[in-house]
Amino acid sequence: MSFNEKIRKYVLKEYVAEPDHNKEKFFVNFPYPYINGYLHIGHLFTALKADIIARFMRLRGKNVLLAQGFHATGQPIAAAAERIKEGEPKQIEMLKKMGVKEIEKFKDAKYWVEFFSKAAKEDLMAIGYSADWRRSFITTELNPPYDAFVKWQYNKLYERGFIYKGKHPVVYCPKCKHALGDHDRSEGEGIVPEEVSLIKFELEPKVYLMAMTFRPETTWGVTNLWINKEAVYKVYKVGDEKWILSKEGVESLKNQGIKGKEIAKIKGEELLEKEVKNLINGKKVKIYHGDFVDISKGTGIVMSVPAHAPYDYAALLDLKREGKGQEIELISLISLQGYGDFPAKEIVEKAGVKSSKEKEVLDALTKEIYKKEFHEGRLKSIFGKELEGLKVSEAKQKIIDILERKGIRVKYYILPEKVVCRCLTPAIVKVLEDQWFIKYSDKEWKNKVKEHIKEMKFYPENLRSVFLDAVDWLGDWAFTRDRGLGTRFPKDPSKLIESLSDSTIYMAYYTIAKYLENAEKYNIDVKKLNDKFFDYIFLGKGDIKNIALELGISEELLKEMKEEFEYWYDKGFEIRVSGKDLIKNHLTMMLFHHLAIFGKEKSPKGIAVNGYVMVEGEKMSKSKGNFYTIRDAIERFGIEEIRALAAYAGDVGLDDANYELSAAKSITQRMEWFAKVVNEYYKKGEKIREIRQEDAWALKELSRIVFKVGEYYENLMTKSAFQVAFFEIHNLIKRYLRRSVGRVNQSVMDELLKVATILISPILPHFAEYVWKEVMKEKGCVDDLEFPEYEIEDKSEIEEFEEYLEDLLKDIREIIKIVKVRPKKITIIIAEPWKYKMYELIKGAGTRNIKDLISLMKQQDFFKGREKEVIGLINKIIKLKEYEYLSKDSEILKLYEAKKYIEKEFNANLEITENHEKSNKALPFKPAIVVE
RNA sequence: GCAGGGGUCGCCAAGCCUGGUCAACGGCGCUGGCCUUAGGAGCCAGUCCCUUAGUGGGUUCGUGGGUUCAAAUCCCACCCCCUGCACCA
């Protein structure tokens with residue numbers, strides 16, 4: 001049986017969490033993973049942060065609640081099931097690769113959820129995730145009590161005025177008739193609708209040409225309009241106004257919810273050289289043809305601002321060449337350092353562009369000028385006092401407001417790049433009319449969240465400011481969807497609550513999931529669960545008698561549930577551990593919702609965040625071959641190895657973590673080594689009464705390690721904890737073994753081994769359990785022990801001497817290297833007393849100034865007769881290590897005690913002397929060394 | 001573009017907040033020695049450059065400046081990389 005199989009047998013106990021008022025509670029959780037496949041080692045990395053602190057806190061005597069649900073809300077599972085139904089080969093292949101049989105069953109989304117939630121639970125159990133599994137659950141309508149819980153939450157938010165209905169632009173497939181997420185697209189990933197402006201130019205009263213622009217500020221500098229004379233324009237009647245724009249433009253307006261009627265067509269030609277009025281300043285400008293006007297984009301009507309737009313200036317050159325547009329004069333709007341009044345003119349001339357047909361150059365110039373003017377340009381006086389001097393970037397919103405107030409501007413969305421649906425239909429922008437929002441923009445709400453953040457604990461601390469930023473940044477959230485799995489929004493049951501929005505306060509659900517997820521056992525009819533129930537449990541509202549009667553749940557049970565919630569959720573949960581990708585959405589939303597529903601008293605106490613997970617320095621991906629599910633990883637590396645690698649992959653924090661799979665082997669070897677040492681030495685050392693230098697030192701080192709490891713665990717710094725609780729402590733044990741030269745002090749060694757076992761148990765619980773029971777033959781579980789506590793003593797002679805000894809050994813090795821012989825005899829020559837006197841004097845002198853030190857030495861008895869030597873030594877002694885407690889006497893005494901050790905290290909005889917021909921080389925606490 | 005994070009001795013990676021004890025923890029890899037029939041494992045030592053019967057010197061922590069007696073660590077500028085930007089869980 002391999003070592004791994006041996007320790008794997010040590011199945012750990014079941015971790016049930018029950019309220020216990022004699023113990024302090026500790027509630028830690030990890031976001032429920034989305035279960036459209038097996039969990040992978042990225043999930044594991046974060047999950048183990050939770051498991052490790054849970055285990056640590058148990059050792060610290062806390063009553064720990066760790067529970068785990070699974071997430072099925074949203075589209076991926078529903079869409080995947082749909083694709084299986086359609087027989088899509090890719091999707092079927094994916095399932096096959098996962099080793100799944102009975103593909104047929106996966107036509108049903110429900111089966112996906114059942115199958116993978118079960119698998120996820122198995123995997124977490126296998127890896128030793130110490131959750132109370134009675135509290136596990138899945139989301140969506142598939143789980144009625146959870147469904148009722150989410151509905152309750154949204155009713156509360158609605159009642160409290162945090163929900164409203166509004167419009168929302170989305171990328172949309174006109175054929176499939178739904179919004180396109182990234183996964184629904186065959187082209188144009190990451191593209192979102194961009195808001196631009198349509199500016200009205202008056203042809204006749206109530207008849208307008210609708211020019212599209214990215215730069216509304218240039219409205220002030222329009223010299224003419226460009227249209228395409230070949231194109232056919234439409235007249236779209238909106239209210240009592242008639243808007244002239246391209247056919248495509250009209251289509252877009254319809255999709256964007258601007259209702260009207262197409263009443264006529266106009267050929268581009270017919271508009272040529274007509275005059276329109278610029279409504280911002282009353283100026284009349286003419287309409288001209290521009291070759292570059294692309295009818296398929298925008299409205300087919302473009303404002304001409306030749307002073308600031310390279311295209312417009314180039315087109316103006318074309319126009320003038322034809323003898324037209326002589327009346328046009330450039331209007332300067334923006335001052336830009338390094339340019340004159342007309343940046344576009346300058347840059348076009350400099351580039352040698354002669355015509356608007358030179359598309360590529362003009363595109364580049366446009367981009368350049370736009371960028372510069374937007375960020376550095378300042379508005380000139382033409383904009384009036386209110387705006388003058390502002391940067392364009394600062395003024396943009398104000399300008400939009402002014403234009404809207406005057407009724408000149410219409411909000412319009414475009415796609416900055418082409419987006420194509422999976423069905424190969426080009427996407428459009430659609431403004432959804434009946435979209436529900438959560439009002440995260442609410443100032444008062446934001447402030448409450450920010451106040452709370454100031455009092456929370458963050459792991460690591462620098463997250464606090466990140467969260468404060470996130471709260472400021474978060475805007476209103478469209479939380480309803482038409483497709484997928486989830487809970488229906490009670491106020492509009494045709495809509496589903498999307499996945500981030502149904503995950504905000506479910507940690508509270510864990511506290512009573514024990515009952516609701518085992519309803520038969522408690523005789524609860526989950527279909528009857530309603531808002532009154534949750535109001536009572538979570539908010540203490542309502543009349544318990546009536547509720548008991550209505551739901552058919554006994555008053556006692558209701559009280560018990562409520563108490564359980566109150567116990568675990570007292571002052572909120574202690575820690576939620578998550579990946580950093582959830583900071584700006586899920587975690588921040590979680591805080592908002594807690595403050596809104598439960599209030600400050602029951603809002604989260606702590607948040608821990610970790611970075612992205614890499615494997616062997618690369619992003620984990622199936623195509624790179626470094627993708628491991630938890631079950632693969634267990635098979636391949638072993639349970640404890642993969643736990644160790646996960647813990648060692650990184651500390652909590654924003655830095656990315658990295659699995660170093662190549663280290664797995666050495667972890668196995670270390671575990672085997674440790675088991676071997678325990679077997680050899682545990683309770684088998686020599687019973688030595690006195691505490692020798694090496695014993696005292698080892699114990700001091702041990703207490704230092706215990707302290708550090710405790711700190712690390714407490715702060716979820718699993719990497720650092722593992723390094724110390726595994727590698728460092730092993731090195732200590734190794735050194736102690738050598739240092740004590742065959743005379744191991746049993747009480748010391750037993751302590752070292754026992755503590756090492758306990759310290760590593762949160763990370764390697766199976767291994768610790770194996771060592772404890774099987775190798776040490778101890779009773780009980782490691783879990784039930786206490787995390788050791790030591791008094792931290794100040795530094796003393798003990799450590800100083802060990803440092804000294806290590807330096808000495810290093811120096812001896814150095815000499816041996818130089819001499820290139822195998823030494824038979826090593827002589828250590830201690831410096832003469834007067835040198836020690838010098839050392840003490842210099843140490844206490846409070847100065848390092850050579851002149852001062854020389855005059856100090858001149859006053860000493862020993863100075864006479866060795867003047868040169870003393871002065872020469874000052875420089876050397878200054879550079880020596882400063883020992884605070886070590887004295888010459890104890891140096892010699894302890895050296896004699898360590899004689900055997902040194903002799904063994906070098907396999908040579910050792911002599912310690914104060915009289916030797918080479919004693920001139922000896923320095924205080926840095927003896928001369930002679931090897932022969 | 002905006003926001004956040006980061007660039008450390010072959011690789012991974014500590015340290016930077018709270019300047020000195022930092023040539024810079026630790027792991028991996030590599031080299032040599034011990035052990036072993038051999039390999040593996042284990043153990044020990046080494047792993048920026050130079051020098052040495054002596055325990056020393058030099059040059060390093062993206063680049064360039066600055067502050068300081070003293071900087072990987074503080075300040076400024078620049079270069080490069082990664083991530084998020086909302087309907088995606």
Side-chain angles (χ1 to χ4, degrees), chain A residues 31-36 71-77 168 170-171 179-184 189-190 192 370-371 374-375 393 432 435 460-462 465-466 469-470 472-484 498-501 503 580-586 611-612 614 616-617 619 645 648-651 653-670 672-673 676 719-720 722-724 726-728 731 734 737-738 803 807-808 810-820 848 876 879-882 905 907 918 921-923 926-931:
Chain A
Y32 42 34
Y34 190 74
I35 40 162
N36 58 342
H71 203 196
T73 308
Q75 291 180 28
I77 289 176
H168 187 56
V170 292
V171 179
L180 297 180
D182 273 351
H183 300 293
D184 301 318
E189 221 175 276
V192 294
Y370 180 42
K371 213 161 145 184
F374 185 73
H375 291 285
S393 51
L432 300 178
Q435 177 63 57
E461 167 59 33
N462 65 7
S465 61
V466 178
D469 282 351
D472 276 331
W473 167 87
L474 189 65
D476 290 356
W477 183 265
F479 75 94
T480 52
R481 297 288 180 275
D482 295 324
R483 298 184 295 153
E498 62 83 43
S499 57
L500 285 165
S501 304
S503 321
K580 68 175 169 186
D581 49 326
L582 298 185
I583 293 176
K584 290 217 165 184
N585 44 63
H586 164 68
Y612 298 112
M614 320 268 273
E616 298 287 11
K619 216 172 158 178
L645 291 175
Y648 195 56
D651 283 330
L654 293 169
D655 291 351
D656 292 345
N658 185 30
Y659 272 91
E660 284 177 69
L661 299 175
S662 53
K665 214 170 76 184
S666 70
I667 288 162
T668 314
Q669 286 159 9
R670 284 274 187 148
E672 286 174 346
W673 171 84
K676 207 180 88 195
K719 177 176 181 150
S720 302
F722 185 71
Q723 191 175 311
V724 179
F726 200 60
F727 296 116
E728 258 187 53
N731 288 341
K734 282 182 196 175
L737 279 170
R738 285 174 76 184
E803 278 174 31
D807 284 349
L808 180 63
K810 219 170 161 182
D811 291 342
I812 296 173
R813 277 188 200 111
E814 187 92 359
I815 309 275
I816 291 171
K817 216 169 102 189
I818 293 161
V819 182
K820 292 188 186 103
R848 298 229 147 171
K876 286 191 175 173
K879 286 183 191 160
L880 291 177
K881 197 178 242 176
E882 261 191 41
E905 285 293 298
N907 200 14
K918 291 237 176 181
K921 299 267 186 196
L923 295 171
K926 200 151 183 84
I929 297 156
V930 174
V931 295

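Numbered from 1 within each chain, the chains take letters A, B, ... in sequence-line order.
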Out of [options], which has the shortest distance to the side chain of [X]?
X        : options             : value
A:Arg738 : B:G27, B:C88, B:A45 : B:A45
A:Ser499 : B:A3, B:A13, B:A89  : B:A89
A:Lys584 : B:C12, B:U55, B:A3  : B:A3
A:Asn731 : B:G27, B:A89, B:U55 : B:G27

Using the [atom1] atom as the point on both nucleotides, what is the distance between [M] and [N], in whole Å?
N     : M     : atom1 : result
B:C9  : B:A14 : C1'   : 13 Å
B:C11 : B:G84 : C1'   : 29 Å
B:C25 : B:U31 : C1'   : 22 Å
B:C80 : B:A89 : P     : 35 Å
B:A41 : B:G29 : P     : 9 Å
B:U21 : B:C28 : P     : 28 Å
B:G26 : B:A45 : P     : 11 Å
B:G1  : B:G58 : P     : 44 Å

Heavy-atom closest pair, residues A:His168 and A:Ala478:
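Distance-wise, the nearest heavy atoms are CD2-CB, 4.1 Å.
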What does [X] touch in the nucleic acid at a heavy-atom separation under 4.0 angstrom: a base, only the sugar-phosphate, or nothing?
X        : value
A:Asn36  : nothing
A:Trp477 : base
A:Thr73  : sugar-phosphate
A:Lys734 : sugar-phosphate
A:Gly475 : base
A:Leu180 : sugar-phosphate
A:Lys580 : nothing
A:His168 : base
A:Leu923 : nothing
A:Ala179 : nothing
A:Ile812 : nothing
A:Pro460 : nothing
A:Val192 : sugar-phosphate
A:Glu728 : nothing

Any donor-acceptor pair under 3.5 Å linking the side chain of A:Tyr34 with the backbone of A:Ile77?
yes
Paired nucleotide for [N] [Watson-Crick or G-U wobble; both distances under 3.5 Å]:
N     : value
B:G84 : B:C2
B:C43 : B:G33
B:A70 : none
B:C78 : B:G62

What is the distance from [atom1] of [X] to [atom2] of [N], rounded to the nearest Å?
X        : N     : atom1 : atom2 : value
A:Asp469 : B:C85 : CG    : C1'   : 14 Å
A:Trp673 : B:C43 : CH2   : P     : 7 Å
A:Asp651 : B:G15 : CG    : P     : 7 Å
A:Glu498 : B:A89 : CD    : P     : 7 Å
A:Leu474 : B:A86 : CG    : P     : 13 Å
A:Tyr612 : B:G6  : OH    : P     : 14 Å
A:Trp473 : B:C85 : CH2   : P     : 8 Å
A:Glu672 : B:A41 : CD    : C1'   : 9 Å

Any side-chain N or O of A:Arg670 below 4.0 angstrom from OP1/OP2 of B:G42?
no
Would you say A:Gln669 reaches B:G42's phosphate, i.e. side-chain N/O to OP1/OP2 under 4.0 Å?
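Yes.
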When rounded to the nearest 0.5 Å, the distance separating CD of A:Gln723 from CG of A:Asp651 is 9.0 Å
Distance check, rounded to the nearest 0.5 Å: A:Ile667 atom CD1 versus A:Phe727 atom CZ?
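Going from the CD1 atom of A:Ile667 to the CZ atom of A:Phe727 covers 5.5 Å.
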Any donor-acceptor pair under 3.5 Å joining the side chain of A:Gln75 to the base of B:C88?
no
What class does the angle between the rings of A:Phe726 and A:Phe722 fall in, given that below 30° is parallel, 30 to 60° is tilted and above 60° is perpendicular?
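Parallel, since the angle between the ring planes stays under 30°.
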Answer yes or no: is there a side-chain heavy-atom contact under 4.5 Å between A:Gln435 and A:Thr480?
yes
Do A:Glu498 and A:Thr73 get their side chains close enough for a donor-acceptor pair, meaning under 3.5 Å?
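Judged by distance alone, the side chains do not pair up.
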